[in-house]
Structures are given as C-alpha cells and as structure tokens.
Number of protein chains: 2
Amino acid sequence: MTSSPRPLVPISKSRLHEEIIGQIQDRIIKGELAPGEKLPAERDLAQSLGVNRGTVREALKKLEMLGLVEILHGDGIYVKNYLECGNLELLKSIIYSSSTMTAGIIKNLLELRRILAPEMAAAAAANRSEEDAARMKKIIASDEQSVLERDLAIHSAIARAAKNLPYVFILNFNNQVFRDFGHIYFDDAENRERSKKFHRDITAAIAGRKQDEARKIMRDVLAYTDRKIDEYYKIAPTKRRAGGNS
Amino acid sequence: MTSSPRPLVPISKSRLHEEIIGQIQDRIIKGELAPGEKLPAERDLAQSLGVNRGTVREALKKLEMLGLVEILHGDGIYVKNYLECGNLELLKSIIYSSSTMTAGIIKNLLELRRILAPEMAAAAAANRSEEDAARMKKIIASDEQSVLERDLAIHSAIARAAKNLPYVFILNFNNQVFRDFGHIYFDDAENRERSKKFHRDITAAIAGRKQDEARKIMRDVLAYTDRKIDEYYKIAPTKRRAGGNS
DNA sequence: TTGGTTCAGTGGTTCGACCAATTATAGTAT
DNA sequence: ATACTATAATTGGTCGAACCACTGAACCAA
C-alpha cells in the first residue's frame, strides 16, 4: 500500500509489427516452431497475417536481431535454437511471457547475483574513481525517488565503479527485471529501512576503498533479501492466472 | 601451425540495411551521437544515405531491438544510452568494433567466468540429469571437432546441467566471443592436452555428483587458462593496426 | 559423373501514396 | 494577457506493386 506506483501501464502502442513479433516469438518459445524449421515466405506470411509485406519484414528484422530466426537471402527464413544464443533481451521475453517459468528464473537471477555482486563490490572498492564515489553519495542523498529506484541506481553505480563493462550489461538486465518484481521486497517498510542502511554502508566501504568490507556487506544484504524473496515465492508459489498449459 | 584450416572466407553478404546499422551504431558508440539526441527523420536519413525509406526503417528496427535508439510515433528517433541497456548483443558489437577496448573486455569476461563458472559447475554436479551426463560424455568421446569447439561444448553442457537459464545465456555469449579469441590459448599443443584432461575430469566429477570436486576442478583450470591468456596480452598488448583514435 | 544452363521461388530494395500520432502554430474565447 | 481550441505541419506506421539479387533444383550437355 505504502507506495506501489506501478508506472501505470505499458500500453501496447498498436504497432502491427510488434504484434507479429509476439505471435512468432510465442510459437517458437512454446516449441510449436522447432529449431531448423522453415517459416513461410514473407509474401505468404503477409497474406496469412493480413498485413503488408514490409510490415512482416520489419518484424522479421527484429526477430533476427533477437536471435530467434535466421534469414537467408534467396533461400528462406529458419527458426534458430534460442537456447544457443546469448541474447539476454530474449531471456526477458521468456520471463515475461511464460508465467510458469518466471519464479524459477527469478531464483536463478538471484543466485547469479549472490555469486557475482559481492566480488564486483570488492572490485568497485578497488577500482572506483572519485566520480564513482560522488555518484553513489548523490544517490543516497536524494530523497526523491522510491527506495526501489535508489537501490537499482546504487547497484548500477557499483557495477560502473567495478570497471567491468560486461558486468554492467548483466547488472542492467537484472535491474530491468527487478524493477518489475522488486515490489515483492520493497513493499515492506522494514525492508526499505534495511536497504537504506545498506546503501549508506556499501557507499562508505567503496568510497573508503575497503574491498573486504564491501564484499561482506554485499554478501550479507543479498543473503537477507534473497531469503525474503524466497519466502514470498514459497508462500505464494503461483498467485497468477490459472488454466495455463504445459 | 598444426591445423589452421581457416575455412576460406565468410564473405560479408552486403545487405544495405546492415551497412546503415553499422554507420549509426559506430557513431553512437564513438559518442558522436549523444544519448537523448534526436536523429533526422526517416525520410531525411533515406535521402542522406541515398537509399529507400523502407531500407532505413529496417535498419532502425534492428537498432531499436539492440537498444541503441528509441522510436516514437509522430515524434522522432532518439539515441539511447547504451550503457543503461542490458543487451549483450550490443556488447559484442563494442568488442569487435573498437579494438582498443577488446583486450580489456576480454579480461573482464574472464574475471566474470572465474567467479561464476566454479559455482555453476558445483550446481551442475548437484542438478544434472542423466541426459546431461550423457551429453558431456558424448562430447569428450567425439574426436572430430577441434579442442576449442569441444571446450565450448563442454562449458555449454555444464551450464545446461546447472539448470540456470540466465547463466546459459551468459555462457553462450562468452562462447561466442571465445570462439574468435580462443586460439590464443588453444594454439598451444600442451594447453590442448591439458584441456582434454580437464574435460574428462569435470565430466567425471559432475557425473559423480561431486559438487566440491567439480568446483575445484573448474577453479583450477580457469586459474591456469586465465594466466596463459593474460601472459599473451602482456607480451603482445596491441599487435593490431596502429593509428586508432582515442 | 561432371559442369553449365535455365527457371521458379525467396529475400532485398525501390517508389509512391496514405494513415496515425505528436508537436507547433494560429486563432478564439475568456 | 491568458487559457483553451482548432488547425496545420512534421514524423513514424502501413500499404501496394514492381523490380533486383541470390539460391536451389531440375534439366541438359560434355
């Protein structure tokens, strides 16, 4: 109740080609379209969907960039094995589309974070610039945003301070997911206070270049948050719509 | 020298819109196009580039999926801050485009792998199915592929056995990069033998559900390989073309 | 069997037109 | 002068038809 702004609605901006992407993507992820399978020709797809060929092409361009299909000039369009691609954007689609997997994948993400984040916090303490420290202090000082947003910002700042670009990308992906599921943790007032303290402590440790302390602070806070989130999913394993298929 | 077949040529398939993507992407990554900046209208871009508007649109659709631009109906096209997106596909573009950053990012990737892989190996030992064990044994039995390919396959199999989908995606990304840079390590005959032994040992540990052993084997082998690769970059820090800008 | 040719199918690109959403502008009422 | 409204201009979204470039398969010739 306290403050669950939930930024209104995503709103599907119409955009026909997005609809086409969704349809094909779903069929691939559900396994209806097997890897290696050949899709109908663009002209046939356009006719089947009742849209213009150019619109189909725009959708296919996005699907190709996602790593779901491979387009071969003069040959055809083939379904790729999405498990063999390394596109996290696609993983996000899977998380948000199949509610049966969501809880499991969230747990997986938390596990990865529990392993990586403490080490990256230590790296941040070692590699931080003055600008990094200033950025973190500014975040904990601002009282405007929600605690959730500040938490995401702090983690992002730590990633930048660690000077590990791939980790920045992974962390950003994590944040994009946690922004939508973080309310599980931040709806509780005590948890919010605990986070604020964490923000101050980790900022002080990194600003003070104390690697071991930063690592320990991060490890402890994640152990706590993960336990809380785990309890939530244990209590309400599937509070979502029933009637889903396998 | 042993066996560098170099399968002739990949050949760039032209594809006009790919060229457009490259141009805009480069300008954004180089900072010539700042985040928030508005791009020319599609019609103007088409005229400037001397191509059709539909072609420009296909390029923009891919750039949007990459997370480099944001397209607003009736408004315009805006450059996004790519550091705030979580798209690893984009990271790959950065690795392959700016040779000045490549070595550093490779080191970053190795660091992440050194942290994650041992834990995931332990998780694989805990969660593996019979199918996972069989897959790994099949890989080490096949004598057809190169050691590099077998190494990538083993790591991929471990990731799948760990039952952590996000890690599968991250690992696949790693593999895509290491497939192009792995020769740094696998050109050496002794290293190749060492890898073969590692494949056997880690497979046995995971098949035997020995978590601690799997973790240790993975940690040890990565400590060795990373040291070798680090030596390479120390000896030949920039063996590439000179004259690059900052 | 080998190599070259033809041909149908498919993706790639182009042109021109119109629809839909946003923004800027001018105008009106208060 | 201000605030609201209607209009026009700008921009992305879709459409339709046509042609180019590449691929694969069938066919033919050496």
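Order of the sequence lines fixes the chain letters, A, B, ..., with proteins taken first and strands second; residue numbering starts at 1 for each chain.
- You'll find the side chain of A/Met120 reaches within 4.5 Å of the side chain of A/Asn164, heavy atoms only.
- Taking only side-chain nitrogens and oxygens, A/Thr55 never comes nearer than 4.0 Å to OP1 or OP2 of D/dG13.
- For A/Lys137, the NZ atom sits in a loose shell: 12 or fewer heavy atoms of surrounding residues, nucleotides or ligands are nearer than 6.0 Å.
- In this structure, the OH atom of A/Tyr78 is 7 Å from the P atom of D/dG24, given to the nearest Å.
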Might you list the N or O atoms of the protein lying below 3.5 Å from N or O atoms in nucleotides 8-12 of chain C, with each pair's distance?
from, atom 1, to, atom 2, distance (Å)
C/dG9, N2, A/Gly74, O, 2.9
C/dG11, OP2, A/Glu42, N, 2.9
C/dG11, O4', A/Gly74, N, 3.4
C/dG11, N7, A/Arg43, NH1, 3.0
C/dG11, O6, A/Arg43, NH2, 3.0
C/dG11, N2, A/His73, NE2, 3.4
C/dG11, N3, A/His73, NE2, 3.4
C/dG12, OP1, B/Arg15, NH1, 2.5
C/dG12, OP2, A/Arg57, NH1, 2.9
C/dG12, OP2, A/Arg57, NH2, 3.4
C/dG12, OP2, A/Lys61, NZ, 3.4
C/dG12, N7, A/Arg53, NH2, 2.7
C/dG12, O6, A/Arg53, NH1, 3.0

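- When only modelled atom types and interatomic distance are considered, B/Asp151 and B/His199 share a side-chain donor-acceptor pair under 3.5 Å.
- Atom CD of B/Glu37 is surrounded by more than 12 heavy atoms from other residues, nucleotides or ligands within 6.0 Å.
- Within the 4.5 Å cutoff, side-chain heavy atoms of A/Leu83 are placed close to those of B/Leu165.
- Nearest heavy-atom pair across B/Gly54 and B/Asn52 is N-OD1, 2.7 Å.
- Rounding to whole angstrom units, CG of residue A/Asn52 and C1' of C/dC19 are separated by 13 Å.
- Counting to the nearest Å, the P atom of D/dG12 and the CD atom of A/Glu18 are 16 Å from each other.
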